Amino acid sequence: MRIARPTRIVLRTLALVYLTVLLAVPIVTILWRTFEPGFGAFWESIRTPAAISAFNLSLLIVAIVVPVNVVFGVVTAIVLVRGRFPGRRLLSGIVDLPFAVSPIVVGVSLIMLWGVNGWFGGLDNVGIRVIFGLPGMVIATIFVTLPFVVREVEPVLHEIGIEQEQAAATLGASRWQTFARITLPAIRWGLTYGVVLTVARALGEFGAVIMVSSGFPGVSQTLTLLVHSRYIDDHNTHGAYAAATLLMFLALLTLLLMTVLDRKRPGQPSGATIAAATAPAEADTDAEVAGADDPAPPGPVASAVPEPELATTTRSSR
Amino acid sequence: MITVAAAHKSYGTFKALDDVSLEIPSGSLTALLGPSGSGKSTLLRAIAGLEDLDAGTVMIAGQDVTRLPPQRRGIGFVFQHYAAFKHMSVRDNVAFGLSIRKRPRAEIATRVDELLDVVGLAGFQHRYPAQLSGGQRQRMALARALAVDPQVLLLDEPFGALDAKVRDDLRRWLRRLHDEVHVTTVLVTHDQEEALDVADQIAVLNEGRIEQFGSPEELYERPANPFVMSFLGSVSRLNGEIARPHDLRLIRSRQQAEAEASSAGVRVTDATVERLVRLGFEVRVELRHTSTGEPFFAQLTRTEATALDLQVGDRVWVRPTRTLGSDQAAPVRALPTEEEFPALAV
Ligand SMILES: Nc1ncnc2c1ncn2[C@@H]1O[C@H](COP(=O)(O)OP(=O)(O)OP(=O)(O)O)[C@@H](O)[C@H]1O
Ligand SMILES: [Mg+2]
């Protein structure tokens, strides 16, 4: 489609303005307000015991949630893609539920289930405190991050199909060997993005977590809760900005780490390695790829004498 | 030897395999030939263990493998779309089966080099499948399947995704490879020419049943039924008889034609030349019965065509030098005699 030049300029400007106003301006403002009083002040306010505890708690939750989601996410994706059973559609719909349900609703329902008076409230009597404890925050975070790994891995599984796995089976690989050596490497990048999204969302989750956390500074505050309490309860705006910047920094770090890993992708050759690897035997490849003149593949017998091109070679049996 | 006995496989109410029995001799190259949807892949995959049969047994080299998973059947399988391990180099692809078997590194390296040499990919060890052409990918897949020394090699339309020229080269190459390696090989194809070209035996499948099993010669010369007849090689229908197009003799003079025909005990068909198509050194003459208007064609060598000096619109008399029998499938009305239709007389 060809778009007239003036239209193009208008569209571009619109997109740019949209991104600037909605994304860039708020982020820059926070960065500005954080570092306005100097780097020292920022450092101070993220080194308070409450901030350190919040930082650790956020990371701890991520460290628990990610492996759980990876394992169950991959299994669920495999079941959804490869399985043939009644109710598969329903299961697929359920996976999307966390996208549709507001986190605050998740928090409320968790309290109903696990709270002292809830269905599983009995656990409290044996000393396991779910709501207002770490388990509650972990469960809430798992709930809201559950779809990411599944939804990132699913299309990749679809795309690779089952032939590679079947080929591995005919070559003698057990199910587990096939999974470890064929399926897992093939879905690696989908999984990676699923993990990135999970980490980002787990760090940033607020609504569900605030419902199930007791919210004591230095004990049960995550970074998001710290931002909230500093801003609302303590009227410590600079402290809130600083904690927010720390959160952003963590998210950025995750993205960066994944980009670096992506660069190092073993196996799947990046553009550069293709060029390098192709160079030595270029002429040969070009001919073959173009199908121009595939040299009779060298084999056990010396290459064939070119035979006249016949539509019906085999039938000249008169 | 591969023995399939009374194999049945249904998808819902649809019978993909309907009482299939087959004995494939050791060391042979056998083609499973049939139209799309006839159950070729299903049969091959049942031999491989990639598909479970509803009933029937599969034996490989005397061992009943019906209940064994593909891992333990001692097979090599080559897929139409290569099924290359995309994240592995050519070397690792070929080494896969051996490394699963925990063979020593040195042994694996030697074997892989040897196989890559055989399939003509010696300089390509460190490439990835994405950097290979289709033909090269399929040769890699073949090396990968051969690496584990399978008892049987199963190929599902291995050259189906390649262009005509590469396909021709590769199947001749496969034949030569088979003559060297002698592994019992089953090749699925829907291309009759490919089957006639490479196979020792051909099993013709149709709607989940085996229509005929035999050597290419047998199937071509003595087809068991009209299906096999028209599926293997082209046929021309004339005068209620079926003949191969290259078994038709075109004669310019009516007297000569009738003299020849009466001594051979066949009938002569009166036809008009519609079109001449030159295919390499063969010429396809498209004809039409003068009276019934039925189209058919004859295949001549260039020399014969030149000698006849045919032109479009010419009238010729056709007699089969050999027929495959009468046409039960679609009987053509017998040619009217001169008494009924005097205009036929010249
Ligand atoms: N998983 C399946 N579910 C339902 N029907 C199937 C399935 N697999 C195959 N079939 C049906 O079984 C029949 C035989 O399939 P098969 O793949 O063996 O055909 P084929 O002879 O290999 O054809 P082609 O040349 O097109 O590959 C087809 O009609 C197909 O629709
Ligand atoms: Mg098939």
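Being a predicted model, the structure only gives us computed values, none of them experimental. Letters go in sequence order (proteins before strands), and every chain restarts at 1.
- Residues A/Ala167 and B/Arg144 approach most closely at CB-NH2, 3.5 Å, considering heavy atoms.
- Here the CZ-CD distance, from B/Phe96 to A/Gln177, works out to 7.0 Å after rounding to the nearest 0.5 Å.
- When side chains are defined from C-beta on, B/Arg73 does not count as touching A/Thr170, because their heavy atoms never get closer than 4.5 Å.
- Contact annotation for B/Arg322: neither backbone nor side-chain heavy atoms come within less than 4.5 Å of a heavy atom of chain A.
- Both the backbone and the side chain of B/Ser99 come within less than 4.5 Å of a heavy atom of chain A.
- How far CG of B/Leu50 is from CD of A/Glu163: 9.5 Å, rounded to the nearest 0.5 Å.
- Atom CZ of A/Arg88 has more than 12 neighbouring heavy atoms from other residues, nucleotides or ligands inside a 6.0 Å radius.
- The number of heavy atoms from other shown groups lying within 6.0 Å of CZ (A/Phe72) does not exceed 12.
- Summarising the geometry of A/Ile182 relative to B/His87, their closest heavy-atom pair is O-CE1, 3.7 Å, with the distance given to 0.1 Å.
- Chain A forms the most heavy-atom pairs under 4.5 Å with one residue out of B/Ala84, B/Ala145, B/Gly134, B/Gly49, and that residue is B/Ala84.
- Minimum heavy-atom separation, B/Arg101 to A/Leu171: NH1-O, 2.7 Å.
- Between B/Phe85 and A/Gln164, the closest heavy-atom pair is CE2-O, 3.2 Å.
- B/Gln71 approaches A/Arg175 most closely through the heavy-atom pair NE2-N, 4.4 Å.
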